[in-house]
Amino acid sequence: GKAAGGWTEPVRDLAVIVELVHVASLVHDDVLDRADLRRSRATCNAKWGTELSVLLGDALFAHGLQLATKLEDAEVARKIAAASRNLCAGAILHTHRRFDLKMSTADYLHIVGLKTGALFRAAAEVPFLLHRAPEIRREAARSFGYQLGLAYQIYDDVLDLSGTDEESGKTLGTDLQKGKWTLPILHALQSLPPKEAEALRSELVE
């Protein structure tokens, strides 16, 4: 917001809207992953079960999009809605491709681009829309947000394999258990010697 032209009340409202969408996606992720911890506290799924958690995630999505419709610029609401749609599409695609050993790095980057990349891209761009910034600055913000989103997701995927629940404050190892291959796994499959790569494939699908 400050980079776009100033921290204003509409920009603050945008931050709330984007975070509502983000939290909704986390609630749903914890249901899909059956995770018990999020930010060192029990997840909604662990406390209240699947049904209530799914409904809560839906309600958060709906509330965020409802707030977006109250913004003066309809294009901003469309950007938030598009990011929410892409986030859901990416989650569906990643779930659909569970245990798929034919998944490529390009497939992974496409999925991550739909999920984290899209949300970060929207968060970076919409303040520039509100401040009526020229297209060249909006494009720079979109590119920055998208690349930052990819980088963050890759970092988070590495943490899922190498960190601890205590350090991260959340349940780790769920992607591997659920067969959702991430960049570290795909890189290992592509870079290991053939025999080791085949042994890893066998372990992954057991």
Side-chain angles (χ1 to χ4, degrees), residues 18 21-47 49-51 53-58 60-61 82-123 145-192 196-206:
V18 171
V21 171
H22 175 224
V23 171
S25 73
L26 296 183
V27 171
H28 283 165
D29 280 350
D30 289 338
V31 171
L32 291 171
D33 296 337
R34 296 184 182 138
D36 294 324
L37 280 180
R38 172 74 65 178
R39 294 170 186 165
S40 300
R41 303 179 70 175
T43 62
C44 298
N45 192 50
K47 290 181 70 174
T50 299
E51 291 86 354
S53 298
V54 169
L55 293 171
L56 174 61
D58 292 346
L60 290 169
F61 265 123
S84 302
R85 178 199 62 209
N86 287 337
L87 197 159
C88 293
I92 291 170
L93 184 56
H94 210 180
T95 301
H96 176 67
R97 302 230 24 202
R98 288 185 306 166
F99 297 103
D100 184 356
L101 290 174
K102 294 181 180 178
M103 187 171 169
S104 67
T105 299
D107 294 331
Y108 165 84
L109 291 174
H110 174 64
I111 290 169
V112 170
L114 285 172
K115 294 169 62 180
T116 320
L119 190 62
F120 274 60
R121 178 174 58 202
Y146 183 75
Q147 298 297 333
L148 183 62
L150 294 187
Y152 177 80
Q153 189 59 60
I154 292 168
Y155 159 79
D156 199 53
D157 290 342
V158 171
L159 181 66
D160 193 65
L161 294 171
S162 63
T164 66
D165 291 4
E166 291 75 21
E167 291 172 340
S168 66
K170 64 179 182 178
T171 305
L172 299 182
T174 55
D175 287 336
L176 198 58
Q177 292 171 5
K178 298 296 181 181
K180 294 182 180 179
W181 311 143
T182 56
L183 191 60
I185 296 297
L186 296 173
H187 179 69
L189 289 172
Q190 294 162 14
S191 60
L192 285 171
E196 292 182 32
E198 186 57 37
L200 177 58
R201 287 188 183 91
S202 298
E203 288 184 21
L204 289 173
V205 296
E206 280 183 355

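- With sequence neighbours excluded, the residues that form a side-chain hydrogen bond (donor to acceptor under 3.5 Å, both in side chains) with Asp107 are Arg97, Ser104.
- In this structure, His22 has no ring pair (Phe, Tyr, Trp, His ring centres under 6.0 Å) partners at least two apart in sequence or on a different chain.
- Looking at residues two or more places apart in sequence or on another chain, you find no side-chain contact (heavy atoms from CB on, under 4.5 Å) involving Ala199.
- Of the inter-residue distances, the one linking Asp58 atom CG with His28 atom NE2 reads 4.0 Å to the nearest 0.5 angstrom.
- The side-chain contact (heavy atoms from CB on, under 4.5 Å) check on Arg85 picks up Ala82, with sequence neighbours excluded.
- Closest approach of Phe61 and Ser84 over heavy atoms only: CE2-CB, 4.3 Å.
- To the nearest 0.5 angstrom, Cys44 atom SG is 5.0 Å from Leu56 atom CG.
- Distance check: Arg38 CZ to Asp30 CG gives 4.0 Å after rounding to the nearest 0.5 Å.
- Here Leu176 contributes atom CG and Lys178 contributes atom NZ; the two are 12.0 Å apart, rounded to the nearest 0.5 Å.
- Applying the side-chain hydrogen bond (donor to acceptor under 3.5 Å, both in side chains) criterion to Thr105, with sequence neighbours excluded, gives Gln190.
- Take Tyr146 and apply the ring pair (Phe, Tyr, Trp, His ring centres under 6.0 Å) test, not counting sequence neighbours, and it matches no residue.
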Just distance, no hydrogens or angles: give the donor-acceptor pairs under 3.5 Å from side chains in residues 108-119, sequence neighbours left out.
{"residue": "Tyr108", "atom": "OH", "partner": "Asp157", "partner atom": "OD2", "Å": "2.5"}
{"residue": "Thr116", "atom": "OG1", "partner": "Gln153", "partner atom": "OE1", "Å": "2.5"}

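- Asn45 meets the side-chain contact (heavy atoms from CB on, under 4.5 Å) test with Val31, Thr43, Thr50, Ser53; sequence neighbours excluded.
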Under 3.5 Å, sequence neighbours excluded: what are the donor-acceptor pairs made by side chains of residues 180-187?
{"residue": "Trp181", "atom": "NE1", "partner": "Asp100", "partner atom": "O", "Å": "3.1"}

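- The salt bridge (Lys or Arg N to Asp or Glu O under 4.0 Å) search around Glu196 returns none, not counting sequence neighbours.
- Considering only residues two or more places apart in sequence or on other chains, Val23 meets the side-chain contact (heavy atoms from CB on, under 4.5 Å) condition with Glu19, Val27, Leu60.
- The salt bridge (charged side-chain N to carboxylate O under 4.0 Å, His left out) pairs that include a residue from residues 182-191 number zero, where partners must be two or more places apart or lie in different chains.
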